[in-house]
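In listed order, ligands and their atoms are each counted from 1.
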Amino acid sequence: MAARITRSPAEAASVLKRGGLVAIPTETVYGLAANAFDEKAVARIFEAKGRPSYDPLIVHIADAAALDQLVRTVYPEARLLAEKFWPGPLTLVLPRKENVPGLVTAGLDTVGIRVPDHPLTRTLLAMLDFPLAAPSANPFGYVSPTSPAHVAEQLGERIDAILDGGVTRVGLESTIIGFPEGRATLYRYGGLESECIEALIGPLNYAAATASDPSAPGMLKKHYSPSKKVLIGDPAALAAQVDAPFAILSFRSRYKETGALEVFTLSARGDLQEAAQRLFMGLRTLDALPVKYILAEWLPDKGLGRAINDRLRRASAR
Ligand code: AMP
Ligand code: MG
């Protein structure tokens, strides 16, 4: 049966209390949520997404006060980050308490946690006496959903409800910070600029985010991938080289006269925030066209441009 689409947090809450799966809006992307303490419900998330059990889920809580219920240690930097950036697109990976099911954390001794910043989901979390485990609401490995329609198209038959909160504002998944040996370390670039984090707590360790063969879960080299081949570089030069129909994903130029079937411009005014918000929409739009290639260009290597480039790199990985 197709998922019920609702704008009522109360209706979403009643589905979740019965052990159901609800796609929830956040400021980053749509999440596929279940009661984090209900192992059966959490198992259904992995099943619906086709997600391998070694990839841990992020736990969503109503506010920072709920942290102590789930983790053993909150490092001073983590406390500062939570105070400053929650609710917001920042996930903190911290040593977990026993009550967090191993299925949620893929058997790790740590758990990823954040407070999402979307009014409907905040209302929903306030109605529940349990946190929500929620990865992005897309089939494993594919581009994350930034609208309820994206969720309905791909997972509509496998989940119970979609809480419709419109198109997501940030459009990229959360930035993830962990504390291996107590050192603040960037695990994934995302919707909160690393510069903002460093301005608060000083230089981060980048080892995990830049490893060529990352071993940390979720640092998968190939991810966020459309089904078409993504090539990154100068789109005009790439256009001259390819032998089959193609589309272009550009930062700000229109790339006229390249012969592209379509050009999706992320931000004509060169605004990184707008580009981030439109990135996954752009990849999905171009992926649906009768083309063999998507030619994309690098964005400036700063702020949200870093997170966008990270997603492009992984979308292009074989
Ligand atoms: P998604 O919500 O689909 O973006 O996926 C959640 C991601 O959060 C995972 O793929 C990991 O990258 C990350 N994550 C969650 N929990 C942990 C953890 N305990 N340790 C390291 N990374 C984590
Ligand atoms: Mg995901």
Side-chain angles (χ1 to χ4, degrees), residues 21 23-34 36 42 45-46 48-61 67 70-75 78 89-97 100-116 118 121 131-146 150-151 154-155 159 168 170-181 183-192 205 207-211 214-226 276 279-280 283-284 307 310-311 314-315:
L21 296 189
I24 55 167
T26 79
E27 79 284 26
T28 61
V29 301
Y30 273 72
L32 181 55
V42 173
I45 296 179
F46 285 90
K49 280 186 61 104
R51 184 176 178 109
S53 56
Y54 58 73
D55 197 1
L57 310 181
I58 292 172
V59 175
H60 294 69
I61 57 178
L67 252 187
L70 302 169
V71 305
R72 303 192 301 270
T73 318
V74 183
Y75 301 98
L90 172 69
T91 295
L92 298 173
V93 174
L94 295 165
R96 75 173 166 104
K97 280 192 173 159
V100 182
L103 190 57
V104 170
T105 67
L108 296 170
D109 190 39
T110 53
V111 58
I113 301 184
R114 81 180 191 100
V115 179
H118 188 291
T121 291
L132 294 175
S136 53
N138 52 280
F140 179 69
Y142 196 69
V143 180
S144 297
T146 54
H150 294 165
V151 180
Q154 292 188 302
L155 297 181
I159 67 180
T168 60
V170 174
L172 290 176
E173 301 83 353
S174 57
T175 301
I176 303 180
I177 303 284
F179 298 85
E181 285 147 39
R183 256 189 94 189
T185 300
L186 187 95
Y187 284 168
R188 175 175 77 184
Y189 286 100
L192 177 65
N205 174 10
T210 52
S215 52
M219 308 295 314
L220 304 172
K221 200 171 154 210
K222 181 176 167 61
H223 212 82
Y224 314 107
S225 297
L279 176 69
F280 291 149
L283 281 171
R284 279 175 188 260
D310 169 80
R311 301 305 187 268
R314 293 200 240 185

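Note: F280 CZ to N138 CG = 8.5 Å, rounded to the nearest 0.5 Å. Atom CG of L279 sits about 8.5 Å away from atom CZ of R311, to the nearest 0.5 Å.
Heavy-atom contacts from other residues, nucleotides or ligands closer than 6.0 Å to CZ of R183 number 12 or fewer.
With ligand atoms numbered from 1 in the order given, ligand 1 contributes 18 (C), 19 (N), 20 (N) to contacts under 4.0 Å with heavy atoms of T110. Near L108, meaning under 4.0 Å from one of its heavy atoms, ligand 1 places the atoms 18 (C), 19 (N), 20 (N). Distances below 4.0 Å separate heavy atoms of I176 from the following atoms of ligand 1: 8 (O), 12 (O), 13 (C).
The side-chain contact (heavy atoms from CB on, under 4.5 Å) with V71 is formed by just one residue from the set T110, V111, V59; it is V111.
Checked by distance only, ligand 1 and R51 come closer than 3.5 Å through their nitrogen or oxygen atoms. Residue K49 has no N or O atom closer than 3.5 Å to an N or O atom of ligand 1. The shortest N or O to N or O distance between S136 and ligand 1 is under 3.5 Å. Between T105 and ligand 1, a contact under 3.5 Å exists for no N or O pair.
With atom 10 (O) of ligand 1 as the reference point, the heavy atom nearest to it among L92, N138, D55 is part of D55. The residue among G31, G107, P56 with a heavy atom at the shortest distance from atom 7 (C) of ligand 1 is P56.
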Apply the test side chain to side chain donor-acceptor pair (under 3.5 Å) to residues R114 and T26: give CA-CA distance (whole Å), side-chain angles for both, the deciding distance (0.1 Å), then the verdict.
CA-CA 11 Å; R114 81 180 191 100; T26 79; 3.2 Å; yes
Evaluate side chain to side chain donor-acceptor pair (under 3.5 Å) for R188 paired with T91, printing each intermediate quantity in order.
CA-CA 9 Å; R188 175 175 77 184; T91 295; 5.2 Å; no
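Between the Mg ion (ligand 2) and S144 there is no N/O/S contact shorter than 2.8 Å.
Using a 3.5 Å distance cut-off with no hydrogens or angles, the side chains of S144 and E173 do pair a donor with an acceptor.
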